[in-house]
Amino acid sequence: MPTTAANPVETLQQIAGGYCLPRSLHVVADLGIADELDETPKSAGDIAAAVDADADALGRALRLLAAHGVFEIEGETFRHSPASRLLRSDHPQSMRPFARMFGLPICWETSGAMAHSLRTGLPAASEVFKEGFFDYLANRPEEGHIFNAAMAAKAHGAIAGILSSYDFSPFEVIGDIGGGSGHLLRAILTDAAPNASGVLFELPHVIEEASGIAFERLTLQAGDFFQDPLPTCDAYLLMEVIHDWGDEESAAILRAIRHAAPAAAKLLLIETIVPDDPGPDWSKMLDIHMLTLLGGRQRTVQEFEALLAGAGFLLEREIDTRVGISILEAVAD
Ligand SMILES: C[S@@+](CC[C@H](N)C(=O)[O-])C[C@H]1O[C@@H](n2cnc3c(N)ncnc32)[C@H](O)[C@@H]1O
């Protein structure tokens with residue numbers, strides 16, 4: 001969360017009490033407030049009437065968000081800012097599902113139980129919900145849908161940078177392991193590797209939701225990368241999959257790929273790297289979410305190198321895509 005604190009007391013005030021800011025965003029995204037606002041500024045009363053909310057309370061939440069760049073205040077009315085426009089459901093790069101995902105009980109209630117993670121190093125989510133994160137989503141189709149849409153939404157911003165930073169054209173078969181709804185793989189097959197075919201490997205409930213995207217060059221394979229054989233490909237994409245897992249599970253996933261991969265295959269880990277710079281960085285927030293939700297972690301390049309080496313891969317290079325995510329290219333050692 002951005003702080004504009006001028007002194008140490010204010011720093012603590014803003015951090016300690018600041019969780020009303022993200023929570024306002026979750027609720028406003030859930031209520032579909034941005035969809036009620038077009039190019040004409042509207043009063044909180046008009047917006048509230050359309051979504052069955054309390055005008056005064058909604059206006060105060062919007063005032064808080066506007067102070068942080070989400071919506072703008074114009075006299076007695078609210079209008080869109082560039083960030084609030086992204087909360088509209090019909091925006092081609094809509095981030096509404098992403099904001100809603102962080103407001104789901106699995107995220108919000110887990111955050112409240114963070115002490116369990118700090119004491120034990122284990123995911124607080126399993127303490128609160130007694131089931132793993134991905135089982136939770138599989139068992140609640142509506143929330144699973146929001147999660148899958150959130151993954152596609154956050155990837156939208158990165159896909160152009162990934163495609164322009166790496167030459168995917170030499171590959172014949174590209175596997176996207178844990179590739180969500182197939183958003184990255186589809187973009188690669190369409191725009192960067194028009195002669196390649198692709199395999200989306202995902203959990204059964206995600207494959208079921210993605211069933212409409214298959215075409216003659218894109219096949220869908222339902223499975224569990226801890227148990228089932230992986231497809232034979234000459235490139236393997238793992239975008240924000242390894243960060244979900246601790247070192248042991250991560251090594252198991254990488255070994256499964258090593259087992260399936262032909263000798264010259266490339267492994268491309270696409271991850272937000274923890275920088276050496278001690279300043280604020282999204283990777284450091286994501287890291288705590290990974291800890292509490294899944295027992296996973298964000299890693300430095302050196303940590304990835306060691307993890308890869310332990311599973312029989314050699315890290316060849318890191319490509320900074322300039323969109324907040326890196327491609328780590330590795331080959332079998
Ligand atoms: C953080 S999401 C990343 C999705 C996508 N790669 C992206 O970056 O947009 C992790 C994905 O791993 C999938 N996943 C989790 N456990 C899995 C398993 N055991 N086998 C296959 N896929 C799994 C989830 O369904 C989820 O879509």
Side-chain angles (χ1 to χ4, degrees), residues 93 95 97-98 101-102 104 106-107 123 125-126 131-141 143-163 174-188 198-211 213 220-231 233 235-246 248-257 260 267-273 282-283 285-287 289-299 321 323-328:
Q93 278 93 44
M95 289 291 279
F98 190 78
M101 173 190 72
F102 276 108
L104 290 177
I106 184 79
C107 291
S126 311
E131 57 189 324
F133 182 76
F134 292 110
D135 282 343
Y136 172 98
L137 295 174
N139 293 334
R140 294 167 184 77
E143 297 184 35
H145 174 71
I146 292 175
F147 178 83
N148 294 336
M151 292 303 101
K154 62 88 188 162
H156 265 135
I159 283 176
I162 293 169
L163 265 55
I174 302 172
D176 194 353
I177 311 301
S181 320
H183 32 272
L184 175 62
L185 185 55
R186 266 189 301 165
I188 291 173
V199 185
L200 174 66
F201 184 94
E202 255 293 352
L203 291 171
H205 72 279
V206 182
I207 288 293
E208 201 181 313
E209 188 170 317
S211 61
I213 69 161
L220 310 182
Q221 186 175 334
D224 175 343
F225 46 48
F226 292 117
Q227 291 180 17
D228 300 315
L230 296 176
C233 305
Y236 291 86
L237 312 172
L238 274 176
M239 183 181 189
E240 296 199 308
V241 169
I242 293 301
H243 82 161
D244 290 338
W245 305 100
E248 215 171 284
E249 293 98 338
S250 297
I253 299 168
L254 295 174
R255 277 197 304 269
I257 293 180
L267 169 62
L268 305 175
L269 301 186
I270 305 175
E271 292 273 358
T272 298
I273 302 293
W282 171 236
S283 64
M285 293 200 180
L286 206 45
D287 182 48
H289 291 304
M290 293 307 120
L291 165 67
T292 56
L293 291 171
L294 285 138
R297 65 194 307 137
Q298 297 303 122
R299 295 176 172 86
T321 64
V323 287
I325 203 154
S326 287
I327 303 173
L328 301 176

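Values below: every heavy atom of this structure, side chains too, minus hydrogens, waters and symmetry copies. Just so we're clear, the structure is a prediction, and the values are computed from it rather than from any experiment. Just follow the structure's listing: the first ligand is 1, and inside any ligand the first atom is 1.
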Are the side chain of Asp244 and the backbone N or O of Gly296 linked by a donor-acceptor pair below 3.5 Å?
no
Of all the atoms in ligand 1, which lie at a distance below 4.0 Å from a heavy atom belonging to Met239?
3 (C), 5 (C), 6 (N), 7 (C), 8 (O)
Treating Asp228 as the side-chain partner and Asp224 as the backbone partner, does any N or O pair qualify as donor plus acceptor under 3.5 Å?
yes
For atom 1 (C) of ligand 1, what is the nearest protein heavy atom, given as residue, atom name and distance?
Glu240 O, 3.1 Å
Short question: side chain of Glu271, backbone of Arg299 - any donor-acceptor pair under 3.5 Å?
no
Backbone of Ser126 reached by a side-chain donor or acceptor of Tyr136 within 3.5 Å
no
Side chains of Glu240 and Leu286 in contact at under 4.5 Å (non-hydrogen atoms)
yes
Note: ligand 1 atoms sitting under 4.0 Å from heavy atoms of Trp245 are 16 (N)
Could you tell me, atom by atom, which parts of ligand 1 come under 4.0 Å of a heavy atom of Val206?
25 (O)
Would you say Gly223 contacts ligand 1, with heavy atoms under 4.0 Å as the rule?
yes
Measure centre to centre between the rings of Phe133 and Phe147, then say whether the value is under 6.0 Å.
yes
For atom 27 (O) of ligand 1, the option (of Met151, Glu202, Glu249, Glu209) bearing the nearest heavy atom
Glu202
Below 4.0 angstrom from a heavy atom of Phe226, which ligand 1 atoms are there? Numbered from 1 as shown, please.
19 (N)
Can an N or O of Gly178 be found at a distance shorter than 3.5 Å from an N or O of ligand 1?
yes
Taking everything shown except Glu208 itself, do over 12 heavy atoms lie less than 6.0 Å from its CD?
no
If you count the atoms of ligand 1 from 1 in the order shown, which ones are under 4.0 Å from a heavy atom of Lys154?
7 (C), 8 (O), 9 (O)
Whether Phe133 lies under 4.0 Å from ligand 1, heavy atom
no
With no hydrogens and no angle check, is any side-chain donor or acceptor of Thr321 less than 3.5 Å from a backbone partner on Ile162?
no
Nitrogen or oxygen atoms of Asp224 and ligand 1 under 3.5 Å apart
yes
So for Phe225 against ligand 1, with non-hydrogen atoms under 4.0 Å, the contacting part is both
Among all the protein's non-hydrogen atoms, which is closest to atom 9 (O) of ligand 1, and how far away is it?
His183 NE2, 2.7 Å
Over 60° means perpendicular and under 30° means parallel, so tell me whether Trp245 and Phe225 are parallel, tilted or perpendicular.
perpendicular
Does Asp244 reach ligand 1 with a nitrogen or oxygen that is under 3.5 Å from one of the ligand's nitrogen or oxygen atoms?
no
